[in-house]
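To start, the structure itself, in structure tokens.
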Amino acid sequence: MIVVPYSAAYKEMWDDFVRNAKNATFLLERDFMDYHADRFFDCSVMVFDGDMGHGEVSKPEECGRLRAVMPANWVESERTVYSHQGLTYGGLIVDVEVTQQEVLTYMQVILQYCRDMLQAQKFIYKPIPYIYSTYPTGEDLYALFRAGGTLLSRSVSSVIALRSQIRMRTLRLRQAKKALDNNLYIDRVVESNTEGIHEYWQLLTSVLQAHHHVNPVHSENEIQLLMSRFPREIRLFTVKHEDRIVAGCVVFLTKQVAHIQYIASGDEGREYGALDLLFRHLIADRYKQMDFLDFGISTEQGGQYLNTGLIFQKEGFGARAICYDSYEIDLDNEVIDRMAGNMGVTEDNTIHFLSLKKINDSFEPKLTQTVEQVIKSGRYLLGRWNQRFEEEYARFCGTRNCVLVGNGMDALTLILRGYKTLLGWSEGDEVIVPANTFIATILAIREAGLTPVLCEPTLQDYLIDTDRMKALLTERTRAVMPVHLYGRICDMVTINAWAQKNGLKVIEDAAQAHGAMYRGLRAGHLGDAAGFSFYPGKNLGALGDAGCITTDDDQLAQTVRMMANYGSSEKYVNRYKGMNSRTDEIQAAVLSVKLPRLDEDNARRREIASLYTSQLQNPLVVTPSMPEDMAEHVFYVYPVRCPAREKLQEYLQAKGVQTLIHYPIPPHRQEAFLEWSDKHFPITERIHREVLSLPISPLLTDAQVATIIKLINEFNVDL
């Protein structure tokens with residue numbers, strides 16, 4: 001089963017499917033739906049019978065056969081998907097030949113998609129009433145029941161079954177005759193008659209304001225535009241008296257249903273029975289070949305109030321009630337994953353350590369739309385997206401400067417090279433760095449022509465041990481590079497005070513700490529300068545390599561910017577022996593799309609970490625210590641320690657839970673640093689020997705976290 005987000009490439013396929021579907025109307029064709037795109041954030045999906053997962057296709061012919069579509073809108077502030085707000089109703093639309101079990105499956109994979117890809121928490125579903133169906137169907141209602149859907153609101157419409165029509169009441173016939181006797185007549189206002197549309201819309205607006213204190217959903221210009229785009233489907237009928245419009249309505253036509261909306265009658269129209277004349281005409285003459293004529297909703301406040309006057313009039317023409325319902329589905333409800341049985345499984349049950357595709361899909365369609373903007377702009381390096389993100393991220397971190405570069409290692413290298421140039425550091429001067437960091441931190445120091453001095457971490461938080469750090473000071477020490485490992489902020493008060501006392505620079509390796517807070521300041525604003533990585537797997541990740549430097553040091557920022565661009569600030573004029581280290585425009589644009597959600601994603605990581613910490617109770621597994629202020633940790637990684645790490649990892653893998661090891665070999669034991677082979681760092685070595693990283697993606701569900709906790713608590717092995 002393939003769930004594919006709707007895009008313009010699928011327009012013809014979508015419309016062909018809707019026209020021939022079991023239960024669809026022209027209101028669900030793309031031209032009408034896309035008209036509302038300025039109001040609603042479209043997240044419609046299509047379900048194909050292929051087997052490639054969520055949206056892993058680039059061409060329609062790769063998808064298999066289209067079996068269902070779901071028009072939908074996304075309201076991010078509410079974390080809610082609506083089955084199309086731009087329409088009266090728009091639920092699951094299916095192929096004529098589908099079975100009930102298949103409808104269950106389609107509904108399940110769509111709900112899973114909304115939960116996993118959009119991080120939606122609720123789905124508000126408005127099923128299409130049976131009168132719109134080529135074949136009367138309520139299959140999606142059973143699927144809603146299986147998904148745990150609850151009735152949210154119920155509105156009542158009045159519908160005439162024109163094939164088995166109930167006799168029209170005498171009162172309505174007398175009123176229609178009264179209208180004719182007073183020379184009222186019916187006139188269709190065509191889409192080009194702007195004066196007629198204007199006159200009726202003024203009447204409609206005045207009636208709605210006087211009696212209901214609301215305005216029409218569509219403006220006059222909008223309804224005229226819709227009528228011009230859909231002249232066969234959207235029609236305006238009015239009743240006139242001496243060339244004045246005294247009543248009228250708009251009719252939306254589908255295959256079988258004439259749906260009446262925007263009914264209005266002024267005082268003169270009500271006196272002479274104008275609507276009775278109009279409705280009799282629509283029923284007996286204009287649309288007698290249709291199956292149904294729907295007079296529209298006669299309730300207010302979600303069905304809590306019944307307008308008895310409207311009901312009385314509509315029932316006089318032979319109309320009877322039909323319910324239009326809205327259902328609410330809790331997407332965190334575990335029943336969604338079981339509602340269709342085995343057929344509902346869209347992928348294996350593996351709990352992935354981190355699915356980059358799911359992460360990026362959760363930013364769609366904005367992510368793709370933004371990338372397309374960059375492609376169409378023709379500017380791919382050092383353009384407006386670089387400038388925009390630098391301004392946004394500097395503001396986010398609270399620094400005066402942000403300079404985008406090629407990657408996180410380059411960021412650290414350039415900071416060190418910049419200070420080396422500006423401050424006259426000598427080749428081989430020393431930088432103190434934790435021994436258990438990722439090797440890129442150490443490589444950056446070497447690349448800058450400086451000497452890394454390894455410092456043991458503490459076993460409690462895996463961060464640099466500030467007491468040991470102080471003991472490593474020599475006359476050649478120029479800087480200390482605290483690494484906010486796994487997303488937790490180091491003891492920056494102690495580090496900064498000691499560095500200031502000894503004339504050292506403090507350079508944060510913040511590659512894993514995007515968004516972390518420490519005593520009111522962000523990571524990246526806790527030292528003299530900071531280097532960030534935007535590797536795709538980071539809390540704030542690009543679609544490829546990217547990095548940046550943040551600092552309040554204007555001179556350093558200017559120097560780094562030149563060094564990253566061949567040592568140049570003016571084309572072909574090179575002040576420094578620079579390098580090529582630039583973030584391209586696509587990556588900068590992607591980061592701008594993702595940055596506004598960073599704090600929210602970090603908060604979800606903290607929630608998961610808190611669940612792990614409070615509920616993991618296996619004596620073989622040591623959880624990391626938590627800071628007093630949880631804002632100091634963004635949990636890029638949640639590392640546990642186990643003396644039987646490999647067996648724990650194998651056990652979890654066999655149970656369908658992916659884990660990673662950050663990092664299996666400490667830098668001083670790497671072949672690249674044979675000169676350190678005689679060094680011994682027992683705490684570092686223990687960490688690298690025992691640490692195992694659990695899944696902590698912000699897209700993990702509570703159910704998945706509970707599964708991981710249960711499995712770890714059940715793990716047992718003889719040491």
Side-chain angles (χ1 to χ4, degrees), residues 25-42 71 73 82 84-90 155 157 179 184-254 257-272 274-279 281-282 286-287 293-298 300 307 310 313-314 324:
T25 81
F26 96 91
L27 301 177
L28 297 170
E29 292 181 5
R30 292 311 314 189
D31 280 346
F32 188 87
M33 294 172 64
D34 293 344
Y35 166 79
H36 296 85
D38 60 329
R39 295 182 182 174
F40 305 111
F41 191 99
D42 190 278
N73 293 129
Y82 290 82
H84 216 282
Q85 294 167 298
L87 312 172
T88 305
Y89 281 76
S155 298
S157 181
L184 272 66
Y185 62 95
I186 296 167
D187 179 43
R188 180 188 168 196
V189 179
V190 297
E191 60 277 4
S192 59
N193 185 353
T194 57
E195 292 183 1
I197 295 173
H198 173 71
E199 184 180 352
Y200 180 68
W201 227 248
Q202 283 191 316
L203 172 67
L204 173 67
T205 302
S206 64
V207 170
L208 289 178
Q209 288 178 343
H211 296 279
H212 303 283
H213 309 291
V214 296
N215 288 315
V217 174
H218 294 95
S219 69
E220 178 185 327
N221 290 337
E222 287 173 329
I223 199 68
Q224 186 170 347
L225 178 61
L226 281 172
M227 289 174 62
S228 65
R229 287 186 178 179
F230 304 98
R232 297 177 60 183
E233 292 90 355
I234 303 177
R235 300 179 177 184
L236 171 59
F237 293 94
T238 61
V239 181
K240 289 187 172 182
H241 185 225
E242 298 178 354
D243 292 330
R244 296 186 308 278
I245 294 176
V246 297
C249 67
V250 177
V251 180
F252 289 73
L253 293 175
T254 68
V257 184
H259 192 110
I260 300 176
Q261 295 185 347
Y262 291 136
I263 302 169
S265 179
D267 293 339
E268 190 175 2
R270 284 191 292 275
E271 180 183 353
Y272 293 126
L275 287 179
D276 295 272
L277 176 66
L278 177 57
F279 292 160
H281 168 73
L282 296 178
R286 178 70 66 166
Y287 296 120
L293 188 145
D294 188 337
F295 277 116
I297 301 298
S298 303
E300 299 173 14
N307 190 322
L310 280 176
Q313 183 181 40
K314 294 171 182 178
Y324 285 70

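In this structure, L253 and V251 have side chains that are in contact, with non-hydrogen atoms separated by less than 4.5 Å. Looking at Q224 and T194, their side chains come closer than 4.5 Å, going by heavy atoms from C-beta outward. Within the 4.5 Å cutoff, the side chain of V250 has heavy atoms near those of the W201 side chain. When side chains are defined from C-beta on, T25 does not count as touching V257, because their heavy atoms never get closer than 4.5 Å.
Side-chain atoms of S206 come within 3.5 Å of backbone atoms of L203 as a donor-acceptor pair (strictly under, hydrogens ignored). For the pair K314 (side chain) and G296 (backbone), a donor-acceptor distance under 3.5 Å is present. A donor-acceptor pair is defined here as one N or O able to donate and one able to accept, closer than 3.5 Å; such a pair exists between the side chain of Y262 and the backbone of H218. The backbone N or O of G248 sits less than 3.5 Å from a side-chain atom of Y200, completing a donor-acceptor pair. A distance-only check finds a donor-acceptor pair linking the side chain of T238 to the backbone of D187 [under 3.5 Å]. Between the E222 side chain and the S219 main chain, a donor and an acceptor come within less than 3.5 Å of each other. Distance alone, capped at 3.5 Å, is enough to place a donor-acceptor pair between the S265 side chain and the R270 backbone.
Using a 4.0 Å cut-off between charged side-chain N and carboxylate O, R235 and E191 make no salt bridge.
Pairing each heavy atom of L277 with each of A179, the nearest pair is CB-CB, 3.8 Å. Residues A274 and V246 come closest through the heavy atom pair CB-CG2, 4.0 Å. Across all non-hydrogen atoms, the minimal contact from I245 to K240 is CG1-CE, 3.8 Å. Nearest heavy-atom pair, C249 versus L278, reported as atom, atom and distance to 0.1 Å: SG-CD2, 3.7 Å. Scanning both residues, L204 and A264, for their nearest heavy atoms gives CD1-CB, 3.6 Å. Summarising the geometry of M227 relative to V189, their closest heavy-atom pair is CE-O, 3.4 Å, with the distance given to 0.1 Å.
Note: F40 CZ to Y82 OH = 10.5 Å, rounded to the nearest 0.5 Å. If you take CG on D276 and CG on L184, they are separated by 11.0 Å, rounding to the nearest 0.5 Å. The CG atom of D294 lies 8.5 Å from the CD atom of Q261; values are rounded to the nearest 0.5 Å. Interatomic distance, R244 CZ to E199 CD, rounded to the nearest 0.5 Å: 9.0 Å. How far CD1 of I197 is from OG of S192: 8.0 Å, rounded to the nearest 0.5 Å. Between the CD atom of E268 and the CD atom of E271 there is a distance of 7.0 Å, given to the nearest 0.5 Å.
Using the six-membered ring where Trp is involved, F26 and F230 have ring planes that are tilted, between 30° and 60° apart.
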Original post:
Should F32 and F252 be marked as a side-chain contact (heavy atoms from CB on, under 4.5 Å) after you check the CA-CA gap, both sets of side-chain angles, and the distance that decides it?
Top reply: CA-CA 12 Å; F32 188 87; F252 289 73; 4.2 Å; yes
Subject >> side-chain contact (heavy atoms from CB on, under 4.5 Å) assessment of D42 paired with N73 >> reply: CA-CA 4 Å; D42 190 278; N73 293 129; 4.3 Å; yes
**OP:** Kindly determine whether L275 and I263 satisfy side-chain contact (heavy atoms from CB on, under 4.5 Å), including the steps that lead there.
**Re:** CA-CA 8 Å; L275 287 179; I263 302 169; 3.7 Å; yes
**OP:** Go through the steps to decide whether N215 and T205 satisfy the test side-chain contact (heavy atoms from CB on, under 4.5 Å), and finish with yes or no.
**Re:** CA-CA 6 Å; N215 288 315; T205 302; 3.6 Å; yes
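Side-chain contact of Y185 with H241: a donor-acceptor pair under 3.5 Å is absent, judged by distance alone.
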